[in-house]
Amino acid sequence: QVRLVESGGGLVQAGGSLRLSCAASGSIASINVMGWYRQAPGNERELVASIVSGGGTYYRDSVKGRFTISRDNDKNTVYLQMNSLKPEDTAVYYCNDFRRTIAWGQGTQVTVSL
């Protein structure tokens, strides 16, 4: 069973950037679609972006043009590059298997100030 550990979050001013990492304890090569999710206080967890093993990507409309998801199967890691951050991006960010959800990691907090 793959375990997921998110990192890279922090405090950033609006317009700034962060790069999140999702490190898996096992191989992610067999996970066809990996996703980044986020959950803000009072909100439901939502899919932010996903990436297929072959490189195809999906982004929710609100982050298109600002976020980039990538994966390195050799390092068993998924990344989320976040640019031009906005206060509404503030949330705890998680990664997971998009098709077959496994145990959630601790998430990483992203806080964007004005």
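Computation of the quantities below employed the complete heavy-atom set of this structure, encompassing side-chain atoms and omitting hydrogens, waters and symmetry-equivalent molecules.
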Student: Using atom types as modelled and distance alone, determine if a side-chain donor or acceptor of Thr90 lies under 3.5 Å from a backbone N or O of Val112.
Tutor: yes
Student: Within the distance-only criterion (no hydrogens, no angle test), does the side chain of Glu6 pair as donor or acceptor with the backbone N or O of Cys95 below 3.5 angstrom?
Tutor: yes
Student: For residues Pro87 and Leu114, determine if any side-chain heavy atom of one lies less than 4.5 Å from a side-chain heavy atom of the other.
Tutor: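 In contact.
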Student: State, with a plain yes or no, whether a side-chain heavy atom of Val110 is found less than 4.5 Å away from one of Met82.
Tutor: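 Contact flag for Val110/Met82 side chains = yes.
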Student: I want to check something: taking the side chain as every heavy atom from C-beta on, are Tyr79 and Arg19 in contact at a cut-off of under 4.5 Å?
Tutor: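 Counting from C-beta outward, Tyr79 and Arg19 do come under 4.5 Å.
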Student: Contact between Val5 and Gln106 at the side-chain level, heavy atoms closer than 4.5 Å - yes or no?
Tutor: yes
Student: Can you tell if the side chain of Val12 reaches within under 4.5 Å of the side chain of Thr111, non-hydrogen atoms only?
Tutor: no
Student: Around atom CD of Glu88, are there more than 12 heavy atoms from other residues, nucleotides or ligands closer than 6.0 Å?
Tutor: yes
Student: List in chain and number order the residues that pass ring pair (Phe, Tyr, Trp, His ring centres under 6.0 Å) with Phe98, two or more places apart in sequence or in another chain; answer none if no residue qualifies.
Tutor: none
Student: So Tyr93 and Gln39, do their side chains get closer than 4.5 Å, heavy atoms only?
Tutor: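 No, their side chains stay 4.5 Å or more apart.
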Student: Please list all pairs meeting side-chain hydrogen bond (donor to acceptor under 3.5 Å, both in side chains) that have one or both residues in residues 47-58, counting only residues at least two apart or in different chains.
Tutor: Asn32-Ser53
Student: Please say yes or no: joined through hydrophobic side-chain contacts below 4.5 Å, possibly via intermediate residues, are Val92 and Leu18 part of one cluster?
Tutor: no
Student: To the closest 0.5 Å, what do you measure between CD1 (Ile28) and OG1 (Thr77)?
Tutor: 6.5 Å
Student: Name all residues meeting the side chain to side chain donor-acceptor pair (under 3.5 Å) criterion together with Gln81; count only those two or more places apart in sequence or in a different chain, and write none if there are none.
Tutor: Asn83
Student: Between Trp104 and Tyr37, does the ring centroid distance fall short of 6.0 Å?
Tutor: yes
Student: Output yes when a side-chain donor or acceptor of Arg60 lies under 3.5 Å from a complementary backbone atom of Leu47, and no otherwise.
Tutor: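 Yes; at least one donor-acceptor contact below 3.5 Å.
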Student: Ile51 and side chain to side chain contact (heavy atoms under 4.5 Å, CB included): which single residue from Ile69, Leu80, Val33 fits?
Tutor: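 Only match with Ile51 under side chain to side chain contact (heavy atoms under 4.5 Å, CB included): Ile69.
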Student: Would you find a donor on one side and an acceptor on the other, under 3.5 Å apart, between the side chain of Asn73 and the backbone of Asn76?
Tutor: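 Checked: no pair found.
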Student: For Leu4 versus Met34, what's the shortest heavy-atom pair and its separation?
Tutor: CD2-CE, 4.5 Å
Student: Answer yes when Lys86 and Asp89 have at least one side-chain N-carboxylate O distance shorter than 4.0 Å, and no when they do not.
Tutor: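 Salt bridge: no.
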Student: Just do the side chain to side chain contact (heavy atoms under 4.5 Å, CB included) check on Trp36 and Asn96 with the steps written out, would you?
Tutor: CA-CA 7 Å; Trp36 277 101; Asn96 216 311; over 6 Å; no
Student: With a 3.5 Å distance limit and no angle check, can you tell me whether Arg66 reaches the backbone of Ser84 through a side-chain donor-acceptor pair?
Tutor: yes
Student: Supply the atom-to-atom distance Leu20 CG to Tyr94 OH, rounded to the nearest 0.5 angstrom.
Tutor: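 Interatomic distance, Leu20 CG to Tyr94 OH, rounded to 0.5 Å: 12.5 Å.
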